[in-house]
Amino acid sequence: MKGHRLVSEKTSELMLMPFLFLGIVCLLSQNKDVSDLNLMSMSKKIYHRNDARPALIGMSLSAKRLFFMCLAQLERESSKNDVLIKFDSSKSFLIQVKDYAALCEIDYSAAYRQVVEGVEELRGYVLRPSQGLLRKQDENIPVDAITPFTIATDGTWYSRGEGCVNIKFAKEMEPLISSLTGNFTGQFLLSAMQIPDGNAGKLYLILREWISLGYLTDKSITFDELKDTLGLSTIKSYEQFKLFNDLFFKRSIKKVIEKTEFTEIKIEILERRSRKAHKVKVSYRYDVNLIDKKDKIVNKLITKSDLSEKKSDHNIVDVANEESRFFDNRWYSKEEAGKHNIDWEKGLTSKEMMLKMKDRFQK
């Protein structure tokens, strides 16, 4: 596993429960590379290289949210000044629909539709990394070489019955999400997940990128460059500053302030050429207390999810202890075990099976 330094910064009847559990066990045994991480193991902050911005700007909201949840699952180790982020392309990310719904504050059915759409988009979404990034990987390639690849690769799937999706990143993603010694963006997971539409998400992404680059309160930029950065340069209705401000900026500001740590965002013209806006300044303020509040919300979701899972596991164990146990390669009820002259006390309960499988996958 490779790591890199980042500077400064998880019945129809009750009788069927054991058999459903066995199905899950079989699924896991066939997919040993799955990183079964829920809200309990998710980081509150996510990171990626700025080179990934064009792709994120162009993604749908659902694909972007899944991408962020994968980033939040990346294994990392923290010290006082550094964060060591690890990415192993042989592993994949398992995302529960219920966790997606909780983070986005939407109902389960809407969440399922979104994750299916998002998975299908990521499976076919083509990235074209910058030439500079490619040449760091291989100095022998031509200066103008472009090597496109899809974000998600073989091993990506979704399951309605299990209520989850599995995403496996292409190995080419490594320098975009783990080689982060500079030129990277840090976002808060809950803010990025709860922004309700694509335009507001674009603005939030750009603001977080600027802050990560050291522009802590404002950024001066040409109007054309701003539109290009936001992926809006080809939209004719945004050619005039007034229309851009009214149709995009003001509407996006309202949603970003409502859902994120930002408390104030404004734009002003610094320079005009031929009576048109040429250079602008975007100013912004954010509240650290709101960030702490959002962290507490994530913790609350984590605690709720964790307690719910523990309660569910407890119910399964109770049923299994009363109704059935596992012998060799199948579950038997106490009555069936008696008919086959099987010693009931030698069977494994669901709890014992869970512990056995957990030990197996940790080895």
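These figures come from a predicted structure and were not determined experimentally.
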Please check this pair: side chain of [X] against backbone of [Y], looking for a donor-acceptor N/O pair closer than 3.5 Å.
X    : Y    : value
T150 : Y125 : no
T156 : A152 : no
N166 : G155 : yes
S274 : K276 : no

Open item on the list: Under a 3.5 Å cutoff, is there a donor and acceptor pairing between the side chains of N199 and S252?
Closed with: no
Task: Partners meeting side-chain contact (heavy atoms from CB on, under 4.5 Å) with R273 (sequence neighbours left out) - done: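 Result, side-chain contact (heavy atoms from CB on, under 4.5 Å) vs R273: E271, H278.
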Open item on the list: K171: which residues meet the side-chain contact (heavy atoms from CB on, under 4.5 Å) condition with it, sequence neighbours left out?
Closed with: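 Expected list: S89.
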To the nearest 0.5 Å, what is the distance between [atom1] on [X] and [atom2] on [Y]?
X    : Y    : atom1 : atom2 : answer
C164 : Y100 : SG    : OH    : 15.0 Å
L213 : N50  : CG    : CG    : 5.0 Å
K168 : L122 : NZ    : CG    : 15.5 Å
F184 : R49  : CZ    : CZ    : 10.5 Å
L176 : R53  : CG    : CZ    : 12.5 Å
E268 : S283 : CD    : OG    : 5.5 Å

Could you tell me if the side chain of [Y] sits less than 4.5 Å from the side chain of [X], heavy atoms only?
X    : Y    : value
Y284 : I211 : yes
I267 : K281 : no
F149 : V126 : no
L203 : F249 : yes
L74  : S178 : no
W157 : V119 : no
L103 : Q194 : no
I177 : Y47  : no

- [ ] Would you check, one step at a time, whether the test side-chain contact (heavy atoms from CB on, under 4.5 Å) holds for I95 with V165?
- [x] CA-CA 5 Å; I95 296 173; V165 298; 3.8 Å; yes
Anything under 3.5 Å between a donor and an acceptor, one on a side chain of residues 223-238, the other on a protein residue two or more places apart or in another chain? List them.
residue: K227; atom: NZ; partner: Y238; partner atom: O; Å: 3.4
residue: T229; atom: OG1; partner: E225; partner atom: O; Å: 2.8

Open item on the list: What verdict does the side-chain contact (heavy atoms from CB on, under 4.5 Å) test give for Y286 and F188, after you've listed the backbone C-alpha separation in whole Å, the side-chain angles of each residue and the deciding distance to 0.1 Å?
Closed with: CA-CA 12 Å; Y286 46 91; F188 291 95; over 6 Å; no
TODO: May I have the step-by-step check of salt bridge (Lys or Arg N to Asp or Glu O under 4.0 Å) for D154 and R123, ending in yes or no?
DONE: CA-CA 8 Å; D154 292 344; R123 188 65 179 89; 2.5 Å; yes
Can you give the donor-acceptor pairs under 3.5 Å from side chains of residues 56-72 to other protein atoms, not counting sequence neighbours?
residue: S60; atom: OG; partner: S62; partner atom: OG; Å: 3.3
residue: S60; atom: OG; partner: A63; partner atom: N; Å: 3.4
residue: S60; atom: OG; partner: E121; partner atom: OE1; Å: 2.4
residue: K64; atom: NZ; partner: L56; partner atom: O; Å: 3.3
residue: R65; atom: NE; partner: M193; partner atom: O; Å: 2.8
residue: R65; atom: NH1; partner: Q114; partner atom: OE1; Å: 3.0
residue: R65; atom: NH2; partner: M193; partner atom: O; Å: 3.1
residue: R65; atom: NH2; partner: I195; partner atom: O; Å: 3.2

Open item on the list: Does the plane of the ring in F244 sit parallel, tilted or perpendicular to the ring in F241? Use 30° and 60° as the thresholds.
Closed with: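 Rings of F244 and F241: tilted, 30 to 60°.
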TODO: Classify the ring geometry between F169 and F87 as parallel (under 30°), tilted (30 to 60°) or perpendicular (over 60°).
DONE: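 Ring orientation of F169 relative to F87: tilted.
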For [X] versus [Y], what's the shortest heavy-atom pair and its separation?
X    : Y    : value
A111 : A101 : CB-CB, 3.6 Å
L205 : Q187 : CD1-NE2, 3.4 Å
E162 : S159 : N-OG, 3.1 Å
R272 : A277 : NH1-N, 4.3 Å
V256 : A200 : CG2-O, 3.4 Å

TODO: Give a yes or no on whether a salt bridge exists between R208 and E261, defined as a side-chain N under 4.0 angstrom from a carboxylate O.
DONE: yes
Open item on the list: E120: which residues meet the side chain to side chain donor-acceptor pair (under 3.5 Å) condition with it, sequence neighbours left out?
Closed with: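 Partners of E120 by the side chain to side chain donor-acceptor pair (under 3.5 Å) criterion, ordered by chain and then number, come out as Y158.
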TODO: For the pair N245 and K250, evaluate side-chain contact (heavy atoms from CB on, under 4.5 Å) and give the outcome as yes or no after the intermediate values.
DONE: CA-CA 6 Å; N245 194 26; K250 288 180 180 179; 3.5 Å; yes
Open item on the list: With a 6.0 Å cut-off (strictly less than), is the heavy-atom count around OH of Y215, excluding the residue itself, greater than 12?
Closed with: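 Not buried by this count: 12 neighbours or fewer within 6.0 Å.
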TODO: Mind running side-chain contact (heavy atoms from CB on, under 4.5 Å) on L270 and S220 for me, showing each step along the way?
DONE: CA-CA 8 Å; L270 293 181; S220 297; 3.5 Å; yes
- [ ] May I have all residue pairs that pass salt bridge (Lys or Arg N to Asp or Glu O under 4.0 Å) and include part of residues 180-201, sequence neighbours excluded?
- [x]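 Qualifying pairs, neighbours excluded: D197-K255.
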